[in-house]
Number of protein chains: 2
Amino acid sequence: MNVLEKIVNSVANFSKSERKVAEVILANPQTTIHSSIAALAKMADVSEPTVNRFCRRLDTKGFPDFKLHLAQSLANGTPYVNRHVEEEDGPEAYTAKIFESTMAALDSARHNVDINTINRAVDVLTQAKKISFFGLGASASVAHDAQNKFFRFNVPVVCFDDIVMQRMSAINSAEGDVVVCISHTGRTKNLCDIAAIARENDATVIGITAYDSPLARECTLVLSLDVPEDTDMYMPMASRVAQLVLIDILATGFTLRRGSKFRENLKKVKDSLRGSRFEKKDFPA
Amino acid sequence: MNVLEKIVNSVANFSKSERKVAEVILANPQTTIHSSIAALAKMADVSEPTVNRFCRRLDTKGFPDFKLHLAQSLANGTPYVNRHVEEEDGPEAYTAKIFESTMAALDSARHNVDINTINRAVDVLTQAKKISFFGLGASASVAHDAQNKFFRFNVPVVCFDDIVMQRMSAINSAEGDVVVCISHTGRTKNLCDIAAIARENDATVIGITAYDSPLARECTLVLSLDVPEDTDMYMPMASRVAQLVLIDILATGFTLRRGSKFRENLKKVKDSLRGSRFEKKDFPA
DNA sequence: AGCATATTTGTAATTTAATTACAATAAGTC
DNA sequence: GACTTATTGTAATTAAATTACAAATATGCT
């Protein structure tokens with residue numbers, strides 16, 4: 001657990017002098033990790049053993065060990081106290097906060113994602129006759145992204161962000177087809193219907209959605225991303241980024257499974273784009 | 001910079017004994033931060049001063065300082081040595097690598113993005129009569145995402161992923177209109193043309209693209225994201241995620257600038273979606 | 001209130017760890 | 001093969017952290 005948080009949480013158990021130490025550390029954490037115990041003691045106006053006792057109280061082996069823990073906490077860009085955008089935040093503040101909370105969300109997703117399911121999803125995808133990506137609203141752009149990725153693999157892939165098209169496509173699906181439904185909440189009614197229809201028509205349905213949601217129950221395979229809910233009223237940003245990363249992972253797994261010959265093919269697709277671009281030599285840095 | 005990387009990169013400048021130290025540290029970084037200089041020296045089968053010299057060579061003040069840096073590097077989920085997906089990687093490996101390299105890219109983008117330009121972009125966007133998002137190929141999904149975000153703000157916003165529509169839209173733009181062109185490389189010819197056309201018609205053109213690229217030169221304002229180039233042949237994943245985060249930042253800046261009354265309006269939009277969803281109570285966990 | 005106990009804090013001694021200075025060895029050069 | 005330079009290790013020194021103990025402060029009880 002983060003040492004900074006720990007200090008804040010256990011401030012109640014501290015004695016008067018220990019609290020002085022805590023204050024100084026919380027005020028200048030960066031300085032602390034480069035100070036000796038003597039220097040810190042002086043800053044907090046306490047004795048050296050007090051600082052040492054303070055460290056032990058936080059379940060560290062001593063001052064040097066404490067500094068190590070502190071350094072680790074600070075390394076994560078200090079996303080410790082409050083990383084939510086506030087009314088009065090300036091551009092630096094909200095930029096930093098959004099970057100940091102996105103990174104934190106990815107880290108959380110990384111630890112929660114089920115590798116086994118990913119592997120099975122890759123299995124299913126590699127054997128698919130046709131792959132369809134369906135998403136609505138904000139998830140539509142994720143579906144588009146997925147289509148773009150898999151399209152390069154020279155696999156029959158479609159993507160619809162329109163309920164009617166999705167429905168038609170789902171009805172026409174057959175065994176061997178894979179339908180990927182993307183929804184953060186997993187509560188979008190229309191998408192649940194479509195997942196059900198696809199399954200009735202023997203398609204394999206992969207859900208990139210919340211665990212145990214209505215949509216999840218309609219799916220053959222559920223890839224749930226446990227991202228800390230962004231409470232702000234704007235949009236579920238972090239979860240969408242996590243979804244994109246997940247799709248990238250599936251695509252990567254796909255290419256790896258297909259072997260090296262396949263990857264040469266990929267390079268061709270990439271090269272084919274060259275004609276539409278300015279060459280680097282045309283615009284030297 | 002990450003100490004682990006630094007060790008790997010500067011292994012050429014090391015002497016024989018120093019290399020031994022490097023190997024031991026790279027093999028057990030976690031052990032290292034809890035070892036004394038004597039213990040580490042013994043593990044690497046060198047003398048203590050050699051370890052100390054090793055630390056200094058990496059621009060640290062000494063062994064304790066080195067441990068601090070090492071601890072910080074390890075804190076970031078160890079995204080250090082080789083975070084590129086390899087042929088023989090299993091699901092755990094490539095999943096971890098993709099998450100980590102994405103996070104590393106975000107971190108890098110965070111440190112390189114120019115807050116000043118962000119602020120100016122927000123200025124421009126808040127005053128726009130109409131906002132258009134243009135992207136092609138992989139960047140199209142980013143444009144869609146942007147449209148989706150800004151649409152909620154009740155601002156006239158459009159998004160085209162089709163050259164012809166983009167062209168028509170660009171020609172019809174007028175003073176006060178803002179055109180946001182999204183391209184990772186900044187070398188897509190068609191998009192450069194469109195940026196030029198939009199500018200000729202007095203629109204403000206914001207580019208989310210590479211610094212000093214052909215597209216960048218056509219723009220009024222350039223938001224460049226310095227993301228470490230993903231060298232794999234698959235797709236520029238990391239940069240796209242960074243673009244999304246950037247757009248989220250712009251959207252956040254936008255809402256903050258508009259004040260609290262505006263944000264109540266946002267909540268209404270969100271509430272309006274409720275009808276299309278299953279309520280939580282319908283599906284208790 | 002006053003005594004006794006427990007807790008907190010600091011001083012000084014001790015121990016441990018890290019650094020420096022210097023000597024020896026190994027590597028490279030003419 | 002002798003000379004020079006770079007590398008490595010030994011031993012001494014210095015700095016830092018910890019421990020043991022004593023003083024001070026706070027707490028509880030009659």
Side-chain angles (χ1 to χ4, degrees), chain A residues 3 6-74, chain B residues 3 6-74:
Chain A
V3 189
K6 206 166 184 175
I7 295 176
V8 175
N9 292 339
S10 49
V11 78
N13 308 326
F14 289 155
S15 72
K16 213 194 306 174
S17 306
E18 283 169 343
R19 239 187 298 269
K20 284 203 274 182
V21 178
E23 273 172 41
V24 171
I25 292 172
L26 289 174
N28 346 19
Q30 204 61 50
T31 318
T32 304
I33 60 171
H34 292 115
S35 306
S36 69
I37 194 167
L40 185 61
K42 206 171 169 187
M43 277 199 276
D45 192 35
V46 296
S47 71
E48 302 183 21
T50 301
V51 175
N52 199 287
R53 281 186 284 260
F54 169 87
C55 297
R56 290 201 203 286
R57 195 173 291 274
L58 286 131
D59 300 314
T60 62
K61 288 172 78 179
F63 184 67
D65 188 45
F66 168 79
K67 284 207 291 187
L68 245 40
H69 283 263
L70 184 57
Q72 297 204 331
S73 304
L74 290 172
Chain B
V3 189
K6 207 167 184 174
I7 295 176
V8 176
N9 292 340
S10 49
V11 78
N13 308 325
F14 289 156
S15 71
K16 213 193 308 175
S17 307
E18 283 169 343
R19 239 185 299 268
K20 284 203 276 182
V21 178
E23 273 172 40
V24 172
I25 293 172
L26 289 174
N28 345 28
Q30 204 60 51
T31 319
T32 304
I33 59 171
H34 293 114
S35 306
S36 69
I37 194 167
L40 185 60
K42 207 172 170 184
M43 277 199 275
D45 192 35
V46 296
S47 71
E48 301 182 22
T50 301
V51 176
N52 199 288
R53 280 187 283 260
F54 169 88
C55 297
R56 289 197 202 287
R57 195 172 291 275
L58 287 131
D59 301 315
T60 62
K61 287 174 80 182
F63 184 68
D65 189 43
F66 169 79
K67 285 208 288 188
L68 245 40
H69 283 261
L70 184 58
Q72 298 205 332
S73 304
L74 290 170

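Note that these values count all heavy atoms, side chains included, but never hydrogens, waters or copies made by symmetry. Proteins come first, then strands; the chains are lettered A, B, ... in the order of their sequence lines, and each starts at number 1. Small disclaimer: the values here were computed from a predicted structure and weren't measured.
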* So which pairs with a foot in residues 8-18 of chain A pass salt bridge (Lys or Arg N to Asp or Glu O under 4.0 Å), sequence neighbours left out? -> Glu18(A)-Arg57(A)
Restricting to non-hydrogen atoms, name the atom on [X] and the atom on [Y] that form the minimum distance, rounded to 0.1 Å.
X	Y	answer
Thr32(A)	Val24(A)	OG1-O, 4.5 Å
Met43(A)	Thr31(A)	CE-CG2, 4.4 Å
Cys55(B)	Thr60(B)	O-OG1, 2.7 Å
Ala71(B)	Leu68(A)	CB-O, 3.9 Å

Could you check how far [atom1] of [X] sits from [atom2] of [N], rounded to whole Å?
X	N	atom1	atom2	result
Lys42(B)	dG9(D)	NZ	C1'	16 Å
Ile37(A)	dA15(D)	CD1	P	17 Å
Lys16(A)	dT27(D)	NZ	P	9 Å
Lys67(B)	dA16(D)	NZ	P	15 Å

* Identify, with sequence neighbours excluded, every residue that meets salt bridge (Lys or Arg N to Asp or Glu O under 4.0 Å) alongside Asp59(B). =>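 Asp59(B) satisfies salt bridge (Lys or Arg N to Asp or Glu O under 4.0 Å) with Lys6(B) only.
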* To do: For residues 32-54 of chain A, pull every pair meeting ring-ring contact (aromatic ring centres under 6.0 Å, His included), keeping only residues two or more places apart or in separate chains.
  =>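 Sorted result for residues 32-54 of chain A: Phe14(A)-Phe54(A), Phe54(A)-Phe66(A).
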* To do: Considering only heavy atoms of chain B and a distance under 4.0 Å, specify the first and last nucleotide of DNA chain C in 5' to 3' order that meet this criterion.
  =>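 Terminal contacting nucleotides, 5' to 3': dA18(C) to dA27(C).
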* Structure fact -> So, with a heavy-atom separation below 4.0 Å from DNA chain C, the residues of residues 43-60 of chain A are Val46(A), Ser47(A), Pro49(A), Thr50(A), Arg53(A)
* Taking only residues two or more places apart in sequence, or in another chain, which ones meet Ala39(B) in a side-chain contact (heavy atoms from CB on, under 4.5 Å)? ->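 Only Ser35(B), Ser36(B) meet the side-chain contact (heavy atoms from CB on, under 4.5 Å) criterion with Ala39(B).
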